[in-house]
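Written out below as structure tokens is the structure these notes cover.
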Amino acid sequence: MDRTHVDGVMLPGLTDHHVHAALIEPERMLAAGVTTVVDLGWAPDDIWPLADRSRHDPKLPHIRAAGPFLTTPGGYPTRQEWAPPGIALEVDDPASAAQAVESLVAHHPVTIKVALNSEAGPVVDDVTLDAIVRTAAGHGIPVTAHTQGPGQVHRAHRAGVRVLAHTPWTEELDDKLIAELASDTTIISTIDIHGWGEPTRDRTVALRNLHRFHSFGGVVHYGTDFGNGPLPPGVDVGEISALTEAGLHPTDILRAITEKPLGMGAAADVSAVPGDPTANPAVLGRAITVLKAG
Ligand SMILES: [Zn+2]
């Protein structure tokens with residue numbers, strides 16, 4: 001067995017829980033210490049082969065994919081400039097929703113991604129949303145929602161969606177909803193997409209929501225939405241400082257960005273950083289050694 005000398009701190013591999021891998025160079029994510037990325041929505045012809053390839057290509061991080069979005073006809077993201085054909089399965093009643101979820105199951109999606117963006121077009125109605133969640137749950141697959149527009153977070157939670165792809169930024173959520181979310185829902189942070197370090201209204205609202213969610217004990221996952229925005233692939237130190245701003249301590253940030261602890265004798269993803277991330281989480285952006293399935 002090879003020996004590796006590392007002058008730094010070894011960590012379980014880093015995970016970015018929200019990317020669009022076909023829009024970035026995923027190899028650069030791995031080189032930066034991100035050994036797993038979660039692709040939250042892309043056209044099946046591109047994303048399933050890429051995810052399959054990531055299983056044995058040592059240059060790629062593990063790519064865990066949702067496949068296409070589920071949305072209503074004409075809903076987000078079907079009219080977005082960046083959206084390729086096949087980006088979404090358009091469903092408009094419980095039967096078509098169930099059928100769409102069933103059609104994805106053979107690809108072992110890591111989650112089912114639903115668009116609830118009422119600012120960009122129509123959204124699925126409650127009975128259709130319920131059918132998506134119910135069918136996915138029947139296969140043990142969680143549902144992740146893009147929620148944007150007044151009331152959409154509440155709708156998602158009521159239906160049983162238990163992962164939010166972004167920290168909500170449309171409105172400041174009331175304490176009752178925040179407490180419910182904190183009890184059973186994971187929020188993927190993606191704060192930095194609002195201004196990329198410049199102060200914006202959406203960033204402020206998202207930070208306030210995440211701060212309360214975290215203080216109520218909610219589970220936060222680090223995610224960047226890379227593929228959307230100007231930053232080069234890697235670790236977004238702006239996202240890490242946003243997590244600090246939202247009240248996460250360095251150990252909370254490590255929990256949000258790392259995979260499960262390393263197991264004795266198990267194949268492991270490892271990232272080594274040049275300093276103690278519990279003292280300075282910004283070192284997470286400067287990986288010096290990365291091992292995928294070492
Ligand atoms: Zn996204």
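For ligands, and for the atoms within them, numbers begin at 1 and follow the listed sequence.
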key: side-chain contact (heavy atoms from CB on, under 4.5 Å), paired with L181, selected from V153, V219, T186   = V153
inquiry  = Under a plain distance cut-off of 3.5 Å, with no hydrogens placed, do T200 and D202 share a side-chain donor-acceptor pair?
reply    = no
request  = Please confirm whether Y76 and H146 have ring centers closer than 6.0 angstrom.
outcome  = yes
inquiry  = Can you confirm whether the side chains of T78 and E90 place a donor and an acceptor under 3.5 Å from each other?
reply    = no
Metal environment of the Zn ion (ligand 1), protein N/O/S under 2.8 Å = H18 NE2, H20 NE2, D225 OD1
inquiry  = Within the supplied structure, the quantity of interest is the number of heavy atoms (other residues, nucleotides, ligands) at a distance under 6.0 Å from Q99 CD; does it exceed 12?
reply    = no
ask   = Taking the side chain as C-beta and beyond, is there a heavy-atom pair between V270 and V290 under 4.5 Å?
value = no
